[in-house]
Amino acid sequence: MNAIARGCTKAVRTALPGPWRPRTVVREAALALVMGGLAVLLEWAGNTGFAVPVGLGTVLLFLLRRAFPASVLLVTAAAAGWAPGPLPLLVLAGWVAGARVRRVGLLVAAFAVSWLLFTVTGVLKDAGSMSLKVIIAVSLGGFLLMAVLPALWGRYRAQRSALLDALRERNDQLVRERVMVVHQARLRERHRIAQDMHDSLGHQLALISVHSGALEVDRTLTDRQREAVGVLRQAAVAAMRELREVVGVLHDESTAVPPAPTGAGAAPGRGGVDGIEGLVESSRAAGTLVSLSREGERRPLAAAVDHAAYRIVQEALTNAHKHAPGAPIEVALRYEPDALVVEVTNPRAPEPVGVRAGAGQVVSGGQGLTGLRERARLVGGMVHAGARPDQGFRLAAVLPYEGAADGASDGGAGIAGVDDWVLEGLPSAADADGRRRSPALGCAVGVVVVGLTVLGLVIWGLWAFVQGTDAATVKTSVYDEVQVGQAEADVRKLLPPGNGFFTDTYKGSGPPAPDGSQCRYFLSSDVSEKWAEDNVVRFCFKDGVLVDKEHYPVKD
């Protein structure tokens with residue numbers, strides 16, 4: 001019993017898919033009653049005698065339309081061809097099928113079979129009153145207007161809704177990506193700040209430490225002055241330690257690649273190759289012997305390369321002051337044919353003497369050489385650092401003049417680059433080939449095809465109506481020319497071919513026909529002046545002779 005109950009529940013849920021909220025239930029019930037009521041009224045108007053069964057069937061098909069759109073369309077089309085009651089449901093069934101049947105092939109097949117059923121049932125109903133061509137033309141035009149056009153509209157609405165949902169999802173995704181890009185840009189900016197703090201402030205603090213260390217060994221100072229200078233040196237060392245800790249925090253929170261400075265503001269006045277002279281002078285003022293040499297013909301540098309050269313020399317001088325205080329330093333700039341070579345070397349530091357030994361406390365964050373290598377990589381260059389045979393140290397960098405072709409694009413997308421992600425409305429839809437598509441395009445083509453087909457049928461119908469009217473109308477002159485007693489063959493040559501669509505309703509009308517005669521009915525060219533009245537002409541034949549002709553009015 002439980003299995004049967006579960007099976008019934010599953011069948012009901014399949015046939016009547018939810019969600020069934022109270023508002024949905026009320027709406028579906030009201031629409032079902034409306035569709036059933038319209039079917040009953042149309043059946044009563046047509047005197048078919050099937051008003052109640054057709055009304056109940058319409059209500060059932062209406063409720064099943066969402067679960068079985070193609071099947072409901074087929075059944076409704078077959079019923080609508082036979083009876084007028086399901087015609088309103090045919091409009092709704094076409095709309096639902098167009099909206100819910102996703103596969104185009106299945107949709108076209110469903111509508112083609114539906115039209116065949118609609119036509120076959122129409123032929124079976126009207127075979128005796130209309131010609132086959134007229135029935136097919138009327139069924140095709142009616143089906144296109146009542147089923148295909150609503151289907152095109154429903155499909156357009158469904159595709160547009162699906163496209164808007166997809167675009168909303170894409171827009172939400174772009175917004176999320178924009179937030180991620182902003183976050184990454186902040187991290188890159190923190191990394192850049194950390195790198196600049198490391199390179200610039202660390203260099204200045206190293207110079208302060210070197211200056212104070214030199215003053216500590218100055219014999220002209222008193223003990224109190226040496227003590228003050230020692231405090232100054234310890235403060236500089238503590239400041240460098242705190243700076244390293246801050247730089248480490250900034251580096252830890254940023255895993256992005258540090259951006260390469262680009263644009264006019266990338267290298268300030270003292271931050272390029274021209275500023276290296278100032279770095280050398282600052283180190284000389286601290287009491288360190290520093291030499292600067294330039295070789296080769298000077299070449300213009302990209303902004304990022306110019307700034308990288310400055311930072312490399314600054315970091316190399318800072319490391320030399322920290323790790324080899326008092327040792328002479330050599331700075332060389334060589335303009336090679338394809339790259340700028342920056343080289344900074346220093347020998348082993350002299351043995352500390354006296355109070356100067358206290359200056360041996362070195363604070364290092366381990367970020368200097370890593371930052372230099374990254375700077376060089378971003379502009380397409382490289383950095384080599386290592387010990388020399390004389391136990392000294394050598395740092396050399398090779399920087400291409402133009403920088404890397406895509407170096408700036410990798411890291412130059414700072415916070416300013418995020419402004420390009422402004423989302424203005426919803427993006428346009430495009431297929432895999434990048435060609436723009438619109439959900440209205442296919443539906444518009446369908447509407448044009450349907451419209452042209454219906455227009456062609458209307459033109460053909462008007463032409464057929466005119467031709468049929470002519471074939472069913474006898475001119476007054478012909479009527480007067482034909483005489484009773486004339487041979488049937490001669491009379492038929494004078495008469496038009498006739499058209500039962502216009503004259504079959506007049507059979508049996510008028511005065512009684514002669515016994516045993518066969519009569520033909522036509523419309524008269526003498527149009528009646530009274531409303532809802534036609535003039536009819538009748539010719540009766542017997543034994544190959546015209547035995548009677550009549551001209552009389554018939555009310556419609």
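Every heavy atom of this structure was used, including side-chain atoms; hydrogens, water molecules and symmetry mates were not.
Between V313 and V342 there is a side-chain heavy-atom pair separated by less than 4.5 Å. Between W95 and V91 the shortest side-chain heavy-atom distance does not fall below 4.5 Å. When side chains are defined from C-beta on, F62 counts as touching L31, because their heavy atoms get closer than 4.5 Å. Contact check for I329 versus V280: no side-chain heavy atoms found under the 4.5 Å cut-off. Inter-residue side-chain proximity for E330 and S293 is flagged as unmet; no heavy-atom pair is nearer than 4.5 Å.
Checking side-chain atoms of R157 against main-chain N and O of G154 turns up no donor-acceptor pair under 3.5 Å. Panel note: side chain T76, backbone L89; no donor-acceptor pair is recorded below 3.5 Å. Side-chain N or O atoms of S161 include none that pairs as donor or acceptor with a backbone N or O of A158 at under 3.5 Å. Y310 contributes no side-chain N or O that, together with a main-chain N or O of G275, makes up a donor-acceptor pair within less than 3.5 Å. Looking only at distances, no side-chain donor or acceptor of T288 sits under 3.5 Å from a matching main-chain atom of R284. Remark: side-chain polar atoms of R155 are paired, donor with acceptor, to backbone N or O of R102 under 3.5 angstrom. For D306 (side chain) and V273 (main-chain N/O), a donor-acceptor pair under 3.5 Å exists by modelled atom type.
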What verdict does the side chain to side chain contact (heavy atoms under 4.5 Å, CB included) test give for L333 and E295, after you've listed the backbone C-alpha separation in whole Å, the side-chain angles of each residue and the deciding distance to 0.1 Å?
CA-CA 6 Å; L333 301 177; E295 299 178 13; over 6 Å; no

Side chain to side chain contact (heavy atoms under 4.5 Å, CB included) for H307 and R311? Distances and angles first, verdict last.
CA-CA 6 Å; H307 187 73; R311 289 302 189 190; 3.5 Å; yes

Give the intermediate values and the outcome of side chain to side chain contact (heavy atoms under 4.5 Å, CB included) for residues F118 and M146.
CA-CA 11 Å; F118 184 74; M146 290 187 295; 4.2 Å; yes

Verdict with supporting geometry, D274 and R298, salt bridge (Lys or Arg N to Asp or Glu O under 4.0 Å):
CA-CA 11 Å; D274 293 336; R298 183 163 181 172; 2.5 Å; yes

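In this structure, T58 OG1 and L38 CG are separated by 9.5 Å, a value rounded to the nearest 0.5 Å. Taken to the nearest 0.5 Å, the CG atom of L56 stands 11.0 Å off from the CG atom of L61. Remark: L167 CG to R160 CZ distance equals 10.5 Å, nearest 0.5 Å. Summarising the geometry, atom CG belonging to L340 is positioned 10.5 Å from atom CZ belonging to R299; distances are rounded to the nearest 0.5 Å. Of the inter-residue distances, the one linking L117 atom CG with S139 atom OG reads 11.5 Å to the nearest 0.5 angstrom. A distance of 4.5 Å separates CD1 of I312 from CG of L399, quoted to the nearest 0.5 Å.
Closest of all the heavy-atom pairs between V40 and G55 is CG2-CA, 3.8 Å. Heavy-atom minimum distance, F393 versus A385: CZ-CB, 3.9 Å. Taking every heavy atom of both residues into account, A32 and V59 meet most closely at O-CG2, 3.5 Å. Taking all atoms of both residues into account, the shortest heavy-atom contact from L90 to A80 is CD2-CB, 4.1 Å. Contact record, P86 with E43: CD-OE2, 4.2 Å, taken as the closest heavy-atom pair. For A110 against A70, the heavy-atom pair with the smallest separation is CB-CB, 4.3 Å.
Side-chain contact, R176 with Q173: no donor N or O sits under 3.5 Å from an acceptor N or O.
Within the structure, side-chain hydrogen bond (donor to acceptor under 3.5 Å, both in side chains) contacts touching residues 331-343 (residues at least two apart or in different chains) are R334-E343, E343-R394.
In this structure, W153 has its ring center under 6.0 Å from that of Y156.
Ionic pairing of R65 and E28 is present here: one or more N-O contacts between side-chain nitrogen and carboxylate oxygen are shorter than 4.0 angstrom.
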